[in-house]
Amino acid sequence: MGRLEGKRALITGSASGIGRATARLFANEGARLTLCDIKSKENKRLAEEIISSGGEALSIQTDVGDPEAMKTAFEQSIDVFGGLDVIYNNAGGATSNDGCITEIEMEEFWHAIRLNLFGTVLGCRYGIPYLIASGGGSVINTGSIRALIGTAGADAYTAAKGGVVTLTRALALQWAHANIRVNAISPGLILTDRVRQLLSDDDPIRTKTPLGPSEPEEVAPLALYLASDESRQVTGAILPMDGGASVV
């Protein structure tokens, strides 16, 4: 029996990177998956892959910053699977337009807030009531090393992820009585397809990671632990997944 056998999990940002790696791992461990991503074609392809391997997966095109889209995604998930046990608010990311707070366009700032912080807020707002109805469950948010240490060069993204970290701690306290645990994974340099495009081979950030960059598949097992019953006594934790960069 898998570590998530029978559990119903909704993952945002599932079509690529950490979300895709996690969806595959969750499916292998027996989870019934709702895959939410704005990239419809890639998301459907992943769902078909999981189904062809004997798993259960529902693909929903979702803009995580759109309240109505998120509300609908959760409703469709419940209609198909009858309940919810795990929410993984994974969708997010920075862009090459981010930078110093005195120079970035305000449009870039609000884009980062909408995608990273507001998307997480909506995932919790619409998902937690279903976890309550299931008798409890796990919320996994996505922070960042930038929310844990002082870094320069992506101030909009840093502000958004700082909000995610603080929100995670607040919700962990607020919902413990309902047997809901809320934790966050804070990745460092993860070599997703998007990061590989943005990051040069000689970028100094590579040398600031003692264990070196991580692959998305190395983040997924941490999400699996937080989704499983093995983490039943873990809440309010902000878990670095950064190859040691936050302790340098």
Side-chain angles (χ1 to χ4, degrees), residues 2-66 68-96 111 114-116 119-120 122-123 126-127 130 138-142 185 187 189-199 213-228 241:
R3 293 163 68 187
L4 299 182
E5 193 68 36
K7 288 192 182 296
R8 300 152 298 186
L10 183 145
I11 303 174
T12 67
S14 51
S16 60
I18 294 171
R20 180 174 60 196
T22 302
R24 286 169 172 162
L25 181 58
F26 278 20
N28 287 339
E29 293 292 340
R32 306 165 71 191
L33 296 173
T34 301
L35 307 176
C36 299
D37 202 293
I38 201 165
K39 295 176 287 189
S40 177
K41 183 183 296 185
E42 295 90 337
N43 208 44
K44 286 182 179 178
R45 188 180 302 126
L46 176 61
E48 290 168 356
E49 171 195 318
I50 290 170
I51 292 169
S52 67
S53 298
E56 295 183 66
L58 169 68
S59 172
I60 305 175
Q61 185 175 21
T62 312
D63 176 355
V64 297
D66 180 340
E68 192 58 37
M70 285 290 278
K71 181 174 182 288
T72 299
F74 279 98
E75 290 173 345
Q76 291 180 356
S77 176
I78 298 304
D79 286 345
V80 172
F81 295 121
L84 188 65
D85 305 290
V86 178
I87 305 165
Y88 187 7
N89 292 308
N90 165 72
T95 76
S96 58
H111 168 77
R114 183 181 187 274
L115 174 59
N116 295 282
T120 300
L122 293 177
Y126 294 121
Y130 293 117
S138 174
V139 177
I140 308 165
N141 294 329
T142 301
I185 298 171
L189 180 56
I190 311 298
L191 296 178
T192 63
D193 294 340
R194 181 181 62 82
V195 169
R196 290 181 189 275
Q197 292 174 356
L198 294 173
L199 196 69
S214 302
E215 298 289 341
E217 289 76 15
E218 294 174 304
V219 183
L222 185 52
L224 172 61
Y225 167 71
L226 292 175
S228 75
M241 181 63 201

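Values below: all heavy atoms of this structure, side chains included; hydrogens, waters and symmetry mates excluded.
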Do any N or O atoms from the side chain of Asn90 and from the backbone of Gly13 form a donor-acceptor pair under 3.5 angstrom?
yes

Polar side-chain atom of Thr72 near backbone of Ala69 as donor-acceptor pair, under 3.5 Å:
no

Quick check: do [X] and [Y] have side-chain heavy atoms less than 4.5 Å from each other?
X	Y	result
Phe74	Ile87	yes
Asp66	Arg114	yes
Ser59	Leu46	no
Ile50	Phe26	no
Asn116	Thr120	no

Quick one: pull up [atom1] in [X] and [atom2] in [Y] and give me the separation to the nearest 0.5 Å.
X	Y	atom1	atom2	value
Phe81	Thr34	CZ	OG1	4.5 Å
Asp37	Asp63	CG	CG	10.0 Å
Ile38	Gln61	CD1	CD	6.5 Å
Ser77	Leu33	OG	CG	9.5 Å
Leu224	Glu29	CG	CD	5.0 Å
Ser16	Glu42	OG	CD	7.5 Å

Of Asn89, Ile11, Val86, Thr22, the one forming a side-chain contact (heavy atoms from CB on, under 4.5 Å) with Ile140 is Val86

Where is the tightest heavy-atom contact between [X] and [Y], given as atom of each residue plus distance?
X	Y	result
Cys36	Thr62	CB-OG1, 3.5 Å
Leu35	Ala23	CD2-CB, 3.8 Å
Val64	Met70	O-CG, 3.4 Å

Taking it one step at a time, do Glu217 and Leu25 satisfy side chain to side chain contact (heavy atoms under 4.5 Å, CB included)?
CA-CA 8 Å; Glu217 289 76 15; Leu25 181 58; over 6 Å; no

Set out, in order, the CA-CA distance, both residues' side-chain angles and the distance that settles side-chain hydrogen bond (donor to acceptor under 3.5 Å, both in side chains) for Ser14 and Asn43, then state yes or no.
CA-CA 7 Å; Ser14 51; Asn43 208 44; 2.6 Å; yes

When you look at NZ of Lys44, are more than 12 heavy atoms from neighbouring residues, nucleotides or ligands closer to it than 6.0 Å?
no

